[in-house]
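In what follows, a single structure is set out as structure tokens and then discussed.
For clarity, every value in this text was computed on a predicted model and none was experimentally measured. Sequential numbering from 1 along the given sequence is applied to the chain's residues.
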Amino acid sequence: MNAHPAVLPRLAQLGGKEPEFHQLDIRDRAAIGGVLEAGFDAVIHFAGRKAVGESMSDPLGYWDTNVVGTMVLLAEMRRTGVRTLVFSSSATVYGNDAVAPFDESLPTAPINPYGETKLAVERMLEALARAEPEWRISSLRYFNPVGAHPSGDIGEDPNGIPDNLMPYITQVAVGRRDRLRVFGDDYDTPDGTGVRDYIHVVDLALGHMAALEYLAHNSGYRVHNLGTGRGYSVLEVITAFEKASGRPVPYDVTARREGDAAQAWADTQRAEAELAWRAERDIDAMCRDAWNWQRRNPNGFGNEP
Ligand code: UD1
């Protein structure tokens with residue numbers, strides 16, 4: 001489990017309301033069904049594993065949680081009469097040969113078990129909505145979510161050494177890690193480092209609200225990208241972060257990380273037109289809020305020092 005119970009009182013404070021919380025396993029049919037029996041209008045399904053390297057060493061675990069878990073959820077939604085679902089998919093389904101910007105009609109070609117489980121769920125959802133027209137299902141393909149709530153009270157706290165760029169940068173800036181490793185500067189990009197479409201988590205959250213609104217007026221199945229439509233290189237992110245935080249981020253350029261693409265960013269036209277949503281927060285806000293969270297919570301929610 002990656003989430004931390006310390007987030008709950010903070011959510012209550014931010015939202016002015018204690019959230020109802022049940023800790024259970026997405027594969028536990030009785031437990032999921034028991035919660036759904038209370039009666040829900042819709043489900044936003046975030047429960048999944050998302051570390052690429054781990055998915056290569058534990059593919060069955062990834063299929064079990066991400067795919068079997070979603071099958072359990074769908075079966076119990078159907079049994080309890082809930083037919084509206086927003087699913088957390090990933091831009092990783094486009095694979096590494098696609099040319100940015102990625103639009104939703106591109107062929108999909110994930111290159112690791114994690115991406116394959118996301119695509120398998122997408123296909124399952126599409127087929128379900130085709131077979132049973134009362135379903136309303138949205139798959140949101142996230143690009144690179146970063147940042148934190150602007151209060152600095154809730155943010156990203158990965159277990160162990162961060163895999164992803166932004167939490168690694170914030171941990172270097174706060175003194176928990178010595179130096180960042182930049183994975184390759186010989187890509188075919190303007191400065192040679194990898195380019196990604198970073199999106200502020202608050203914009204991402206608002207994208208889910210927009211998807212629910214969309215599903216209120218549209219049945220069937222639809223995929224939307226959630227990105228800003230703009231790419232930043234690793235070096236540009238470092239520079240933006242140093243400016244936002246006033247802290248240096250020492251780094252070394254190392255070999256490429258296996259499986260990394262040169263560049264990936266979203267075509268946002270479909271989301272803008274159909275969800276009436278667009279990401280508003282820029283890279284400076286992403287860095288400022290990521291830093292505000294890390295500075296105020298140098299050890300995250302209290303995990304490893
Ligand atoms: C990664 C996953 C993606 C997943 C997403 C979840 C891979 C290949 N892709 O996306 O499937 O959906 O996380 O959050 O793992 N970088 C460094 N040094 C670091 C870390 C990253 O230089 O310590 C670079 C990477 O080479 C890349 C960029 O920073 O160019 C972003 O990396 P990262 O944050 O890990 O995201 P992705 O690899 O795009």
Side-chain angles (χ1 to χ4, degrees), residues 26-27 32 42-52 54-56 59-78 82-145 196-197 199 204-205 207-215 218-227 259 261 264-275 277:
I26 186 77
R27 298 161 298 184
I32 297 281
V43 170
I44 304 181
H45 171 27
F46 298 112
R49 296 171 71 181
K50 65 154 202 115
V52 170
E54 187 186 55
S55 79
M56 296 195 286
L60 289 184
Y62 269 67
W63 279 82
D64 196 25
T65 300
N66 293 1
V67 181
V68 174
T70 302
M71 289 170 67
V72 168
L73 174 65
L74 292 169
E76 288 303 302
M77 285 177 68
R78 183 160 52 180
V82 191
R83 293 285 191 283
T84 301
L85 174 74
V86 179
F87 170 62
S88 304
S89 189
S90 169
T92 201
V93 300
Y94 293 113
N96 279 7
D97 294 332
V99 177
F102 300 168
D103 78 67
E104 293 87 345
S105 63
L106 282 180
T108 46
I111 61 159
N112 52 61
Y114 160 67
E116 281 158 1
T117 64
K118 287 291 174 190
L119 183 59
V121 171
E122 284 199 6
R123 295 217 164 122
M124 187 160 73
L125 297 174
E126 185 173 17
L128 175 63
R130 199 178 300 126
E132 301 179 11
E134 61 274 28
W135 284 89
R136 297 165 182 266
I137 304 179
S138 158
S139 282
L140 299 176
R141 290 181 178 164
Y142 303 174
F143 280 69
N144 289 60
R196 294 290 183 277
D197 186 338
I199 174 170
L204 196 83
H208 292 69
M209 304 307 289
L212 281 177
E213 187 61 34
Y214 171 85
L215 294 178
N218 295 276
S219 58
Y221 176 75
R222 196 73 169 147
V223 174
H224 293 99
N225 286 335
L226 292 187
W265 66 89
D267 183 322
T268 60
Q269 288 179 67
R270 184 189 286 186
E272 284 176 26
E274 296 181 357
L275 303 181
W277 166 91

With rounding to the nearest 0.5 angstrom, report the [atom1] to [atom2] distance, [X] to [Y].
{"X": "Ser105", "Y": "Asp267", "atom1": "OG", "atom2": "CG", "value": "8.5 Å"}
{"X": "Thr92", "Y": "Phe143", "atom1": "OG1", "atom2": "CZ", "value": "10.0 Å"}
{"X": "Ser88", "Y": "Leu140", "atom1": "OG", "atom2": "CG", "value": "7.0 Å"}
{"X": "Thr268", "Y": "Glu104", "atom1": "OG1", "atom2": "CD", "value": "9.0 Å"}
{"X": "Lys118", "Y": "Ser55", "atom1": "NZ", "atom2": "OG", "value": "11.5 Å"}

Salt bridge (Lys or Arg N to Asp or Glu O under 4.0 Å) filter on Glu76, not counting sequence neighbours, yields Arg29, Arg79

Across all chains, not counting sequence neighbours, the salt bridge (Lys or Arg N to Asp or Glu O under 4.0 Å) partners of Glu213 are none

Sorted by chain and residue number, the ring-ring contact (aromatic ring centres under 6.0 Å, His included) partners of Tyr214 (sequence neighbours excluded) come out as His224

Residue set satisfying ring-ring contact (aromatic ring centres under 6.0 Å, His included) with His208, at least two apart, ordered chain then number -> Phe46, Tyr142

#### Entry: More than 12 heavy atoms of other groups within 6.0 Å of Glu134 CD
yes

For Met71, does the CE atom have more than 12 heavy-atom neighbours from other residues, nucleotides or ligands under 6.0 Å away?
no

For a 4.5 angstrom cut-off between non-hydrogen side-chain atoms, does [X] reach [Y]?
{"X": "Met56", "Y": "Pro113", "value": "yes"}
{"X": "Leu73", "Y": "Leu85", "value": "yes"}
{"X": "Val121", "Y": "His45", "value": "no"}
{"X": "Leu125", "Y": "Trp135", "value": "no"}

- Query: Any side-chain donor-acceptor pair under 3.5 Å between Glu122 and Ser139?
  - Reply: no

How close do [X] and [Y] get, heavy atom to heavy atom, and via which atoms?
{"X": "Leu275", "Y": "Ala211", "answer": "CD2-CA, 4.0 Å"}
{"X": "Trp277", "Y": "Gly227", "answer": "CH2-O, 3.7 Å"}
{"X": "Leu212", "Y": "Ala42", "answer": "CD2-CB, 3.7 Å"}
{"X": "Val93", "Y": "Gly115", "answer": "CG1-O, 4.1 Å"}

Requested in this report: Answer yes or no: is there a donor N or O on one side and an acceptor on the other, between the side chain of Arg222 and the main chain of Ile137, under 3.5 Å?
Outcome: no

Exercise. Answer yes or no: is there a donor N or O on one side and an acceptor on the other, between the side chain of Asp197 and the main chain of Ala266, under 3.5 Å?
Key: yes

Met124 and Leu74: side-chain contact (heavy atoms from CB on, under 4.5 Å), yes or no, with the steps? CA-CA 10 Å; Met124 187 160 73; Leu74 292 169; 4.1 Å; yes

Donor-acceptor pairs are to be reported for all side-chain atoms of residues 94-101 against protein atoms at under 3.5 Å, with residues two or more places apart or in another chain.
from	atom 1	to	atom 2	distance (Å)
Tyr94	OH	Arg141	NH1	3.0
Tyr94	OH	Asn225	OD1	2.6
Asn96	ND2	Gly259	O	2.9

Run the side-chain donor-acceptor check on residues 61-68: report pairs under 3.5 Å with partners two or more places apart or on a different chain.
from	atom 1	to	atom 2	distance (Å)
Tyr62	OH	Ala51	N	3.0
Tyr62	OH	Ala51	O	3.2
Tyr62	OH	Glu54	OE1	2.4
Asp64	OD2	Arg27	NH1	2.8
Thr65	OG1	Gly61	O	3.3
Asn66	OD1	Arg49	N	2.8
Asn66	ND2	Arg49	O	3.1
Asn66	ND2	Thr117	OG1	3.0

